[in-house]
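All heavy atoms count here, side chains included; hydrogens, waters and symmetry mates do not.
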Amino acid sequence: MNRQHRKPGHRGFLQQYSLVLALGVLCAVLALKSPAFLTGTNILIVFRQISINAVLAIGVTFVILTAGIDLSLGSVVALAGVLSAMYAHPDTYPVFVPVMTGLMAGVLVGLINGLVITRCHVAPFIATLGMMTMARGAALDFSQGRPVSNLSEAFNVIGGGDIAGI
């Protein structure tokens, strides 16, 4: 019988849904260990904590769907965050400036990645690995290895706001 026409058995089901099953088992164990785990408040906290990663995952999904890879994503987020925070101190610039600084940093790095991959014919893995190192180093250099703090209230509202409770 041809492999493509064979019905999946228990083994195929387990392979296909193993991560979902593992997540279900983990949630069940945590719910038994702590009654507060499945409360609305805790679930909302979890959604808030993963919201940034969810937005990033949606974007990088399109890269993966085109058989690419982007290893620089986390470092680019760090660089954009550091650059934004540098211009977000109280009584310096309107909130538009730090927001646009971070967005433009991300656009510029993405443009460089795209040009290196398409014009120079460098494999996405290698190009984004190099950019990961450069963006991480730039973020470290701009911040001088210290947290950037004392941000304006208007800038803090952007990161602290919610959409539909998340």
Side-chain angles (χ1 to χ4, degrees), residues 16-27 29-30 37 41-90 92-166:
Q16 189 170 358
Y17 296 104
S18 61
L19 288 177
V20 175
L21 292 171
L23 179 63
V25 169
L26 180 64
C27 288
V29 168
L30 291 173
F37 180 73
T41 303
N42 189 54
I43 291 171
L44 184 62
I45 290 169
V46 170
F47 281 150
R48 283 186 179 187
Q49 290 177 342
I50 66 167
S51 61
I52 294 171
N53 291 339
V55 170
L56 296 173
I58 290 168
V60 81
T61 297
F62 294 105
V63 174
I64 294 169
L65 286 175
T66 59
I69 190 77
D70 188 353
L71 302 176
S72 65
L73 184 63
S75 297
V76 173
V77 169
L79 175 62
V82 165
L83 290 174
S84 292
M86 288 174 58
Y87 293 99
H89 298 297
T92 53
Y93 298 100
V95 73
F96 174 78
V97 174
V99 168
M100 289 309 295
T101 301
L103 286 174
M104 293 312 297
V107 167
L108 179 63
V109 171
L111 180 65
I112 293 169
N113 273 341
L115 289 173
V116 168
I117 292 165
T118 58
R119 301 288 188 219
C120 301
H121 306 288
V122 175
F125 183 88
I126 301 300
T128 60
L129 180 64
M131 183 55 75
M132 176 185 75
T133 304
M134 289 188 285
R136 184 185 302 159
L140 184 64
D141 187 52
F142 284 125
S143 69
Q144 297 176 350
R146 287 182 249 136
V148 183
S149 57
N150 188 30
L151 305 178
S152 71
E153 189 60 37
F155 189 75
N156 281 331
V157 167
I158 295 171
D162 30 326
I163 298 172
I166 300 173

Nearest 0.5 Å, what's the [atom1]-[atom2] distance between [X] and [Y]?
X      : Y      : atom1 : atom2 : value
Ile112 : Leu108 : CD1   : CG    : 4.0 Å
Met104 : Leu111 : CE    : CG    : 9.5 Å
Leu129 : Asp70  : CG    : CG    : 11.0 Å
Ser51  : Leu56  : OG    : CG    : 9.5 Å
Ile58  : Asn53  : CD1   : CG    : 11.0 Å
Ile126 : Ile69  : CD1   : CD1   : 12.0 Å

Residue list, ring pair (Phe, Tyr, Trp, His ring centres under 6.0 Å) with Tyr93, at least two apart or on another chain: Tyr87

Residues in ring pair (Phe, Tyr, Trp, His ring centres under 6.0 Å) contact with Phe37, at least two apart in sequence or another chain: none

[X] to [Y] - nearest heavy-atom pair and separation:
X      : Y      : result
Pro98  : Pro94  : CD-O, 3.0 Å
Ile117 : Pro124 : CD1-CA, 3.8 Å
Asn113 : Ala127 : OD1-O, 3.9 Å
Leu71  : Phe125 : CD1-CE1, 3.5 Å
Ala85  : Leu151 : O-CD2, 3.5 Å

May I ask you to decide if [Y]'s main-chain N or O and [X]'s side chain share a donor-acceptor pair within less than 3.5 Å?
X     : Y      : result
Ser84 : Thr101 : no
His89 : Ser149 : yes
Ser72 : Ser75  : no

Other residues, nucleotides, ligands: >12 heavy atoms within 6.0 Å of Ile52 CD1: no

Leu19 CG: over 12 foreign heavy atoms closer than 6.0 Å: no

Step-by-step side chain to side chain contact (heavy atoms under 4.5 Å, CB included) determination, Phe142 to Leu79: CA-CA 8 Å; Phe142 284 125; Leu79 175 62; 3.8 Å; yes

Listed partners of Glu153 passing side-chain hydrogen bond (donor to acceptor under 3.5 Å, both in side chains), at least two apart: none

